[in-house]
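Here's the structure we're looking at; comments come further down.
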Amino acid sequence: MRAIVYSRVSTDGQERDGSSLDTQERACLELAHERGWTVVRRIRDTASGSLLDRAGMDELRSALSRGEAGVVVAYAVDRLSRNQNHIGVLFDELERAEARLELVTERFEDTAVGRFILAARAFIAEVEREKIAERTMRGKEERARSGRIPQATGRGCFGYTYDPQSGRREIEPYQAAVVRRIFQRYAETRSFSAVASELNDAGIPAFAGGRWYPITIRRMLLNAAYVGRTVYRRTKRVRTRAAGARRRSRVVERPPQEQIEIPGATPAIVDAVLWDRVQELLADPVRVSRRPVARRRYVLRGRLRCGHCRGTMVGHTISPGTRVYHYYRCRHVYAGRGQKKCMGRYVPADALEQGIWSELLSVLSKPELVLRELHDEARAQVDPAEIARLEARIASLQKREEKLVNLYSYEGVDGDIVRRELEGLRRERTTLTDEFELLTCRAAALEPAVDEATLRTACDAIAQRLDGAGPDDQVRVLEALQISALVTREEVTVEAMLPIAPSDPLLDGKISGPLHEHGHDDVDEGVIPDRAEDAGARGR
C-alpha cells in the first residue's frame, strides 16, 4: 500500500533546528516500514495547527484527491490540525479518497478529538437519515392523497403498466388475460400448484420471465389491486420482541384509520363476483383446517445426501385430497433465486427406509464379506510397490556408505570430501528410513484387527437388535452404526461402522438416551411426483 508521511511544526525555530520534523518523520517511516507500506511522498509543514490553509496541508489534500496513496501517516493527530472542524474536513476527504489515517503515538479513534469527530459524524448522519425518511414519507402520503400511486419506482404489478405522467396504472392486455385465467382456474381447481403447473406447461412466463410457483399464485389471488382497490400504508414492519424469535421484525396490518385508499389509481381486471368467490375459497374453514397433516418420523433425515448434487436430503410430506405421500428430497429441488437447482427426483420414504434396513440385515448375515472389504480397503491405502522402492533405495545407500568408508582408509584420499559425502548419504538414508517406517506402520494399523469369529459375534448381536425394531430403536441403531447414504431414485450407497467391542451398548442391548426429533415439510396441495418402482439400496 502506498503511504504519504506528513510532519508539522509551528515555529521557524523548530524548522531550522530540524529536530522535531526529523523525529516525527523518522517515527512515521519506521511505522510504514513495519506495516509494509511504500512511502511515495514526504510532506513537511511549518505553520500553526489552527490554520487549514497551509502549503504542506494543501499538498497533502491535492495528493489525496489524485488518489496517490491509500494511507496518511502522521506522528499525532495534533500534527494535522488543532481544530476539530478541520479534522472533520480532512476525515471526509480521506473517506472520499478511500484512504485512512494512521498515527504513530495513538489510534485516531482512541483520541478525544477522534472520538468526538466519529460521534459527531454518526449523530449528524443519523439525524440526516431521519430527516430524509420523514420527508420521503410525507411526500408519499401527499402523493397518495392526490390520487397517485406513491410506490412508482418498483418492478410493478403483473397485469399492469405504470404511467409516470398520471401516477396511475394501466391494464396490459396479455397479462390481464393471464390474471383472469388464474382467478378462474383457482375457483375451479382450488389448487395453487395446479394453476402454476398449467401456466408453466402452457409456456406462459411469470412477471420476471421465469416459472410460476404456488406461492406466487396465492399472493396474486390476495392482491386487491385486481378488483380495483389501491391502498397505501396498508401494512407496516414492526420489531419482534419475543425472546428467541428467529426474525427481528415482521409485517403487520395497520389500523384502518392509518390506511389511505387511492380511488381510480388501478383499474379492475377481475369482476367483483369472481373476486368474492376466490376470497371465500381462500378463507374456507374446511380448507384451512386441513393443515397440519399427521406427522411422520423421517428416521433417515440428516443421514442422506443427494447423489446428483451432494446436497442434504430432507423429509417431505404431500397430501392432496385425503391421500398422504411421504418422500425424501434434496433441499436444492426448490432452490432460491440465484442458487443452483437440483434436478433429483423424489424418493419414496417407505421404500428407501425398508431398502436400507433390509440391506443392513443382509450384510450382517454375511460377516465374511465385511471382513474381505476391510482387507481390500487396507491394501488399497498402502502401495506395496512404494514400500519395495524404498527398501531398494535404502539398501543402495547402505552399499554406497560401505564403499566410502573403505575408500577413507586409502592414503591420498581427501578425508573432508569423503566425510561430506558420507553425511549427505546418511541424511538421505535417514529420511527414507523414516518414510519406510511410516508406511509399514500405517499398513499394520490399517489391517483389520478382528477375525471372522469376532466379527460374526458382533453382527449376530446387532442383527438381533434390528429384527423387529420399532421407530425408536431404529433411530438409536442408525445413530450407533453411524449410517450415511448417497441417494438417487435409482441407486443408494450406504456406509456404516460396525462396533466390535463387547462393551458397546449396541451389542449388550443397553441402548438408551433421547431420540432425535425428525420434522417434516408440508407442501400445500403439491403435485405428486411420478410413482415409479421403489428405490433400491446397495450396501457398501
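This structure is a prediction, so every number in the text was calculated from the model and none was measured.
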Sidechain-backbone polar pair: Ser358 side chain, Gly355 backbone, donor-acceptor under 3.5 Å: no

Nearest non-hydrogen partners of Ala265 and Gly147, listed with the distance: CB-O, 4.4 Å

Leu222 side chain reached by Gln279 side chain, heavy atoms, under 4.5 Å: yes

Salt bridge present between Glu68 and Arg2 (N-O < 4.0 angstrom): no

Between Tyr328 and Tyr298, ring centroids under 6.0 Å: yes

Residues Thr266, Arg169; criterion side-chain hydrogen bond (donor to acceptor under 3.5 Å, both in side chains); working and verdict: CA-CA 5 Å; Thr266 306; Arg169 294 183 178 128; 2.9 Å; yes

Side chain Ser146, main chain Arg143, donor-acceptor under 3.5 Å: yes

Straight-line distance of Arg305 CZ to Arg331 CZ, nearest 0.5 Å: 10.0 Å

Arg229 atom CZ: more than 12 heavy-atom contacts under 6.0 Å: no

Interatomic distance, Cys157 atom SG to Tyr162 atom OH [nearest 0.5 angstrom]: 13.5 Å

Short side-chain to backbone donor-acceptor contact, Gln175 and Gly159, under 3.5 Å: yes

Worked check of side chain to side chain contact (heavy atoms under 4.5 Å, CB included) between Leu300 and Met313: CA-CA 9 Å; Leu300 294 175; Met313 298 187 72; over 6 Å; no

4.5 Å side-chain heavy-atom contact, Thr216 and Phe207: no

Pairwise distance OH(Tyr346) to CD1(Ile318) - rounded to 0.5 angstrom: 5.0 Å

Shortest non-hydrogen contact from Met220 toward Phe183: O-CZ, 3.6 Å

Distance, nearest 0.5 Å, that separates OG of Ser193 from CD of Glu198: 11.5 Å

Salt bridge flag under 4.0 Å for residues Arg138 and Glu142: no

Minimum side-chain heavy-atom gap Arg35-Met1 below 4.5 Å: no

Nearest-0.5 Å distance, NZ of residue Lys140 to CZ of residue Arg148: 13.5 Å

Non-hydrogen atoms of Cys342 and His308 that approach each other most closely: SG-CB, 4.1 Å

Ile483 vs Glu495 side-chain heavy atoms within contact, under 4.5 Å: no

Arg190 side chain to Ala187 backbone, donor-acceptor under 3.5 Å: no

Stepwise side chain to side chain contact (heavy atoms under 4.5 Å, CB included) check, Tyr327 with Leu352: CA-CA 9 Å; Tyr327 297 92; Leu352 180 60; over 6 Å; no

Flag, side chain of Arg180 to backbone of Ile269, donor-acceptor distance under 3.5 Å: yes

Which atom of Cys330 lies closest to which atom of Cys309, heavy atoms considered: SG-SG, 3.4 Å

Validation row: Arg345, Glu490 side chains within 4.5 angstrom (heavy atoms): yes

Non-hydrogen side-chain atoms of Glu141 and Arg145 separated by less than 4.5 Å: yes

Side-chain donor/acceptor of Tyr186 to backbone N/O of Leu282, under 3.5 Å: no

Test item: Val72 and Leu64 side chains (from C-beta on) under 4.5 Å apart, heavy atoms: yes

Single hit among Ile356, Val347, Leu304 for side-chain contact (heavy atoms from CB on, under 4.5 Å) with Val492: Ile356

Note, Glu93 side chain near Phe91 side chain (heavy atom, < 4.5 Å): no

Within 6.0 Å of CD in Glu188, more than 12 heavy atoms from elsewhere: yes

Sequence-distant partners of Asp163, side-chain hydrogen bond (donor to acceptor under 3.5 Å, both in side chains), two or more places apart: Ser166

Shortest non-hydrogen separation from Gln259 to Arg254 and the atoms involved: NE2-O, 3.0 Å

Trace of the side chain to side chain contact (heavy atoms under 4.5 Å, CB included) decision for Arg301 with Thr312: CA-CA 9 Å; Arg301 190 175 183 184; Thr312 303; over 6 Å; no

Straight-line distance of Glu258 CD to Glu253 CD, nearest 0.5 Å: 11.0 Å

Pair Arg100-Glu95, salt bridge (charged side-chain N to carboxylate O under 4.0 Å, His left out): steps then yes or no: CA-CA 7 Å; Arg100 70 176 190 266; Glu95 283 194 344; over 6 Å; no

Arg96/Asp92 under side chain to side chain contact (heavy atoms under 4.5 Å, CB included): CA gap, chis, key distance, verdict: CA-CA 6 Å; Arg96 284 199 297 270; Asp92 285 335; 4.0 Å; yes

is_close_aromatic(Trp212, Phe158), centroid dist under 6.0 Å: yes

Identified side-chain contact (heavy atoms from CB on, under 4.5 Å) partner of Ile182 from the options Val278, Ile217, Val270: Ile217

Shortest non-hydrogen separation from Val227 to Ala272 and the atoms involved: CG2-CA, 4.1 Å

Residue pairs involving residues 267-277 (criterion side-chain hydrogen bond (donor to acceptor under 3.5 Å, both in side chains); sequence neighbours excluded): none

